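What follows is a set of notes on a single structure, which appears directly below.
Everything numeric here is computed off the predicted structure, so don't read it as measured data.
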Amino acid sequence: MARKEFVVFGLGRFGKSVATTLAEGGCEVMVVDNDEDKIHEIADYVTYAVRADVTEAEALENLGLKNFDGAVIAIGENLEASVMVTILVKELGVPYVLAKAQNELHAKVLKKVGADMVVFPEKETGIRIANNLMMGNFFDAIELSSTSSMMELDILQEWIGHSLRELNLRAKSKINVIGIKRDDQLNINPDADMPLKRNDVLVIIGKNEILNKLVNQ
């Protein structure tokens, strides 16, 4: 599986936290900010660090964003800039845009112009958000603690036709399967000898680093 690619606009505390956590999780990360010092500080920790005026459409077009899996708009107090970048990034074809809001009004505007998810950094930590971005199907993971989460996972090709007992995922992959979704029905505590089917979705619990590797392999 190809590594996920994300672009992070704005390198305040929140943006830097998201970018470095995504990079540590094995993702390709581009960061964009107009502050040269901030770009130099993070350059060694991410794939690409670009100094650019994010409110200029031409500057964004030159970044080649259409192949990215998601964008994080982490611009601080400049509401106009965050709104403009959200609009431009969506127009350039980025499929998933997460934007940081300062208040409810800001959040309402961001959603109106196309943000798929709006977060309030005072309530959501950058590390938690980055971990959820990496875990496929954006934000389907539920944080149980600072190190563990519960999430849904499409079964891997090599698991099809095998039972949970045969796969022994608890021992081999260090994850616990607590349910199987099949045909929109959730089966809690599934039969360990039931063969898995192609479109099954497992509900699993595990350490964040293990879950990240699973969905990115």
Would you confirm whether [X], through its side chain, and [Y], through its main-chain N or O, come within 3.5 Å as a donor-acceptor pair?
{"X": "Arg3", "Y": "Gly26", "answer": "yes"}
{"X": "Thr21", "Y": "Val18", "answer": "no"}
{"X": "Asn168", "Y": "Arg165", "answer": "no"}

Would you name the heavy atoms of [X] and [Y] that are closest together and state the gap between them?
{"X": "Ala59", "Y": "Ala52", "answer": "CB-CB, 4.4 Å"}
{"X": "Leu167", "Y": "Trp159", "answer": "CD2-CD1, 3.6 Å"}
{"X": "Ala43", "Y": "Ala49", "answer": "CA-CB, 3.9 Å"}
{"X": "Val118", "Y": "Ala101", "answer": "CG1-CB, 3.4 Å"}
{"X": "Lys100", "Y": "Leu110", "answer": "O-CD1, 3.5 Å"}
{"X": "Val8", "Y": "Ala74", "answer": "CG1-CB, 4.4 Å"}

- Item | Enclosure of Asp191 CG (heavy-atom neighbours >12, cutoff 6.0 Å) | yes
- Using a cut-off of 6.0 Å, state whether more than 12 heavy atoms not belonging to Asp183 lie near its atom CG. no
Roughly how far, to the nearest 0.5 Å, is the [atom2] atom of [Y] from the [atom1] atom of [X]?
{"X": "Ile155", "Y": "His162", "atom1": "CD1", "atom2": "NE2", "value": "10.0 Å"}
{"X": "Leu202", "Y": "Leu164", "atom1": "CG", "atom2": "CG", "value": "6.5 Å"}
{"X": "Phe14", "Y": "Phe120", "atom1": "CZ", "atom2": "CZ", "value": "11.5 Å"}
{"X": "Phe6", "Y": "Thr47", "atom1": "CZ", "atom2": "OG1", "value": "11.5 Å"}
{"X": "Asn176", "Y": "Arg170", "atom1": "CG", "atom2": "CZ", "value": "4.5 Å"}
{"X": "Leu11", "Y": "Asn34", "atom1": "CG", "atom2": "CG", "value": "11.0 Å"}

- Residues that Lys181 engages under salt bridge (Lys or Arg N to Asp or Glu O under 4.0 Å), provided they are two or more places apart: Glu152
- Item | Residues in salt bridge (Lys or Arg N to Asp or Glu O under 4.0 Å) contact with Lys38, at least two apart in sequence or another chain | none
- Message: One pair to check against side-chain contact (heavy atoms from CB on, under 4.5 Å): Phe68 and Glu28. What are the steps and the verdict?
- Response: CA-CA 9 Å; Phe68 281 75; Glu28 299 274 350; over 6 Å; no
- Message: Using the rule given for side-chain contact (heavy atoms from CB on, under 4.5 Å), can you reason through His106 versus Ser82, listing the C-alpha separation, both sets of side-chain angles and the distance that settles it, and then say yes or no?
- Response: CA-CA 9 Å; His106 189 184; Ser82 71; 2.8 Å; yes
Compare all side-chain heavy atoms of [X] with those of [Y] and state whether any distance is below 4.5 angstrom.
{"X": "Asp33", "Y": "Arg51", "result": "no"}
{"X": "Val7", "Y": "Leu65", "result": "yes"}
{"X": "Ile160", "Y": "Leu196", "result": "no"}
{"X": "Lys197", "Y": "Arg182", "result": "yes"}

Side chain to side chain donor-acceptor pair (under 3.5 Å) partners of [X], counting only residues at least two apart:
{"X": "Thr20", "answer": "none"}
{"X": "Arg13", "answer": "none"}
{"X": "Lys90", "answer": "Asp116"}

- Task: Let me see the working for Leu92 and Leu60 under side-chain contact (heavy atoms from CB on, under 4.5 Å), right down to the final yes or no.
- Result: CA-CA 8 Å; Leu92 290 170; Leu60 292 190; 3.8 Å; yes
- Message: salt bridge (Lys or Arg N to Asp or Glu O under 4.0 Å) for Asp69 and Lys4? Distances and angles first, verdict last.
- Response: CA-CA 6 Å; Asp69 296 290; Lys4 287 189 172 68; over 6 Å; no
- Run the side-chain contact (heavy atoms from CB on, under 4.5 Å) check on Val50 and Ile39 step by step: do they pass? CA-CA 7 Å; Val50 180; Ile39 289 296; 5.6 Å; no
- Task: Could you state whether Val201 and Ile204 fall into the same hydrophobic cluster, counting links through intermediate Ile, Leu, Val, Met, Phe, Trp or Tyr residues with side-chain heavy atoms under 4.5 angstrom apart?
- Result: no
- Query: Only one of Val72, Ile42, Leu22 forms a side-chain contact (heavy atoms from CB on, under 4.5 Å) with Val29, so which one is it?
  - Reply: Leu22
- Hey, could you give me each pair passing side-chain hydrogen bond (donor to acceptor under 3.5 Å, both in side chains) that has a residue in residues 56-66? Not counting sequence neighbours. none
